[in-house]
K.L.:
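Once you've had a glance at the structure underneath, I'll fire off some questions.
Because the structure is predicted, anything quoted here is derived from the model rather than measured. Heavy-atom basis, side chains included; hydrogens, waters and symmetry copies ignored.
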Amino acid sequence: MKGYGRLVAGAAIAGFLALAALVAAPAISDRTPFFTKGEPREALVVQTIVRGEGLVLPRRNGDELPSKPPLFHWMAALSCLARGATSESAIRLPGLVLALTAAAATAMAAWTWWGPATAVVVVVVLGTSFQWLASSVSARVDVVLAALITMALLLFEHAVATGRRVPAIVFALLTAATLTKGPIGLVLPCTVALVTLAVRGELRFVGWREVRLLALAAGAALVWYAAALASGGSAFFAKQILKENFYRVIDPDSVEAGHVAPFWYYVPLLAAGMAPWTLFAPGLVAFALLPVRGSDTQALPEGPPADDGSSQAPPPVSAASAGPSPALVAARARIVFCVVWGAVTFVLFSAAGSKRAVYLLPAYPAYAMLVGTSWSRIVRAGAGGVARALLVTGAAAIAALLVTIALLLVVAAAGVPAAAWLRHFVSNADVGNVVPMLEAIHDNRALVLACAAAILAAAWATITFARAGRWARVVAATVVAVLALAATVSTTLLPAVASKRSARDFVSRVQGLVPLESPLFFYRAFDYGAVFYRGAPIPVRESLADVPGIDGAWLLTWPAYLPDLNGEARKLATGDEAAGAYEVEEAIAPEDHDPSDRTSLVLVRIKRRIGDERSDGNRDR
């Protein structure tokens with residue numbers, strides 16, 4: 001039976017990872033265009049590499065230095081070359097692959113340390129945590145960094161646990177992490193490792209071999225930095241060394257790095273990022289801290305699950321026993337490692353001035369292992385008293401949230417007008433997304449209703465099984481609910497919002513009027529997505545006087561700058577006594593655009609007046 005249980009656990013882990021990949025596929029596909037600022041910003045670097053215009057220090061839009069080292073961009077470029085196209089899916093693919101790889105590595109480590117059943121819980125907790133799930137389908141460097149650091153730390157801890165030397169691949173992973181996002185790829189895992197060894201009294205494990213390999217890892221990364229410095233000079237040093245890795249940490253305001261937040265900023269962000277498992281956190285903490293049934297010797301080593309909520313009797317302990325068993329000591333050491341990993345990451349990034357939710361991603365595998373081991377203990381031993389009450393309360397909160405979401409999906413699928421009502425519950429930035437989301441739900445109502453049914457069934461199962469103390473089934477129901485909701489977002493909501501906010505369709509219309517061989521400029525505005533979908537650099541001009549061949553010139557700008565553009569055009573000299581200066585003609589503009597809008601681009605053409613007649617510029621267009 002033991003072998004059968006391992007087979008089932010292995011199949012469950014493999015099946016979950018395959019299902020997670022399937023659910024994520026529509027989100028990374030070309031159906032979901034780039035619509036945020038960050039994704040096309042990284043994609044432009046990839047596009048530059050694929051065009052053969054730079055490998056060491058590829059420049060965005062022909063002149064802008066990238067803000068991150070190029071490992072992610074190299075991987076994405078290889079993905080594009082393998083596919084034969086520089087597309088959204090090819091650029092996003094490395095992030096998803098590495099996120100799934102890190103989840104698999106975390107499951108393997110949990111299996112080795114705590115057993116197969118715990119490994120199953122750990123991988124589903126990590127794979128369904130909101131921030132990890134969302135980041136895995138985004139073309140950003142953060143999830144790549146998190147995956148590389150995760151694999152390095154897990155291999156390091158395995159070496160310490162087995163008394164072996166730290167394998168050379170750990171240091172190669174540190175080099176890769178540094179080439180993904182800078183020195184943090186070296187500083188964070190080394191700090192976690194040293195603090196863990198210090199807390200456990202194992203600093204003797206670090207010897208000259210490890211110091212030499214660490215120096216080699218840093219030196220390998222410095223090779224790229226030296227080459228980039230030679231290529232980019234002082235501008236590279238100011239941007240990537242000073243701004244990104246120094247001032248962003250100690251004084252982000254001085255370089256307008258953005259995302260400045262107080263020390264406690266990550267507390268609510270971590271709670272949101274670990275959702276839905278955060279709602280079970282009070283019960284898990286109570287279970288860990290308050291007295292539980294049975295001896296502490298059963299706390300971590302794995303035994304057969306007791307899904308009916310009953311406690312299993314602990315193995316007998318000899319009176320002559322000198323202390324905890326070696327298995328329990330080893331299991332506790334792994335818990336210490338996870339606590340240090342999560343705490344060091346949280347404190348380091350909390351101390352930095354610039355903060356974003358994705359910065360904590362390297363710690364999510366540690367948090368998932370802490371949550372997973374607690375859940376595994378509850379599944380085996382049951383929970384009573386305060387812990388049980390808090391877990392049931394968490395299950396009720398999750399069930400209520402799921403029912404609300406499912407009912408909203410059903411209402412939207414039925415075509416009930418709800419846009420005016422829903423606008424009161426979203427931020428100003430998301431108001432414009434309400435209508436396209438409702439339309440997408442209605443257009444895909446068969447799929448959405450199936451997902452809503454699964455969410456409702458999972459909500460019922462979550463609270464029913466929690467009240468009965470069948471904790472393994474509570475975990476399973478929660479996972480089903482998250483995957484069903486993720487499938488709805490991935491297949492329906494995200495593509496609808498992306499299509500509404502992306503520059504792809506707009507640029508496609510621009511290409512019909514302004515082919516690649518014709519000059520196109522930004523006037524004061526800039527949009528990374530427009531440059532990516534144009535497939536060629538679009539120079540930025542601060543004044544019409546800087547635009548060559550002004551008569552008939554094509555410009556992209558924001559509606560907010562149209563008055564300035566018109567004013568410049570009227571004042572611009574033509575060199576012709578009969579001329580009446582220039583005028584601005586809008587060629588493509590969003591419908592009902594706000595005059596103060598600095599997000600939606602407008603395509604305009606500059607045309608010259610000659611007396612009462614206007615030149616037609618380039619008549620062939």
K.L.:
Check the angle between the aromatic planes of Tyr266 and Phe349 and answer parallel, tilted or perpendicular using the 30° and 60° thresholds.
P.N.:
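Ring orientation of Tyr266 relative to Phe349: perpendicular.
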K.L.:
Can you confirm whether or not the ring centre of Tyr367 sits under 6.0 Å from the ring centre of Trp277?
P.N.:
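No, they do not, as the ring centres are separated by 6.0 Å or more.
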K.L.:
For Ser87 and Arg83, does a side-chain donor sit closer than 3.5 Å to a side-chain acceptor?
P.N.:
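Yes, side-chain donor-acceptor contact under 3.5 Å.
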K.L.:
So does Glu88 pair up with Arg504, basic N to acidic O under 4.0 Å?
P.N.:
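Yes, this pair counts.
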K.L.:
With under 30° as parallel and over 60° as perpendicular, where do the rings of Phe34 and Tyr533 fit, or are they tilted in between?
P.N.:
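Judged by the thresholds at 30° and 60°, the geometry between Phe34 and Tyr533 is tilted.
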K.L.:
Could Glu39 and Arg140 be called an ion pair, given the rule that one side-chain N must be under 4.0 Å from one carboxylate O?
P.N.:
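Arg140 and Glu39: not salt-bridged.
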K.L.:
For Phe35, is the NZ or CZ atom of Arg501 found under 6.0 angstrom from the centre of its six-membered ring and inside 45 degrees of the ring axis?
P.N.:
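Cation-pi check for Arg501 and Phe35: fails.
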K.L.:
Is the CZ atom of Arg467 crowded by more than 12 outside heavy atoms at less than 6.0 Å?
P.N.:
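It does not: Arg467 CZ has 12 such atoms or fewer within range.
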K.L.:
Looking only at atom types and distance, does a side-chain atom of Thr373 sit under 3.5 Å from a main-chain N or O of Met369, one as donor and one as acceptor?
P.N.:
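Checking the backbone N and O of Met369 against the side chain of Thr373, a donor-acceptor pair under 3.5 Å is found.
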K.L.:
Picking from Val285, Val125, Leu391, what satisfies side chain to side chain contact (heavy atoms under 4.5 Å, CB included) with Phe280?
P.N.:
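Among Val285, Val125, Leu391, the one meeting side chain to side chain contact (heavy atoms under 4.5 Å, CB included) with Phe280 is Leu391.
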K.L.:
I'd like to know whether CG of Leu407 has more than 12 heavy-atom contacts from other residues, nucleotides or ligands below 6.0 angstrom.
P.N.:
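Counting other residues, nucleotides and ligands, CG of Leu407 exceeds 12 neighbours.
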K.L.:
With the side chain counted from C-beta on, respond yes when Gln131 and Val358 share a heavy-atom pair under 4.5 Å apart, and no when they do not.
P.N.:
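Yes. Closest side-chain heavy atoms under 4.5 Å.
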K.L.:
Thr32 side chain to Ile28 main-chain N or O, any donor-acceptor pair under 3.5 Å?
P.N.:
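Side chain of Thr32 to backbone of Ile28, a donor-acceptor pair under 3.5 Å: no, none is there.
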K.L.:
Do you see a donor-acceptor pair shorter than 3.5 Å between the side chains of Asp30 and Ser89?
P.N.:
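Distance-only check passes for Asp30 and Ser89.
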K.L.:
Is it true that, when you exclude Phe346 itself, more than 12 heavy atoms of the residues, nucleotides or ligands shown sit nearer than 6.0 Å to its CZ?
P.N.:
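Yes, enclosed.
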K.L.:
Regarding Ser376 and Arg380, do their side chains bring together a donor and an acceptor under 3.5 Å, going by distance alone?
P.N.:
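Indeed, the side chains of Ser376 and Arg380 share at least one donor-acceptor pair under 3.5 Å.
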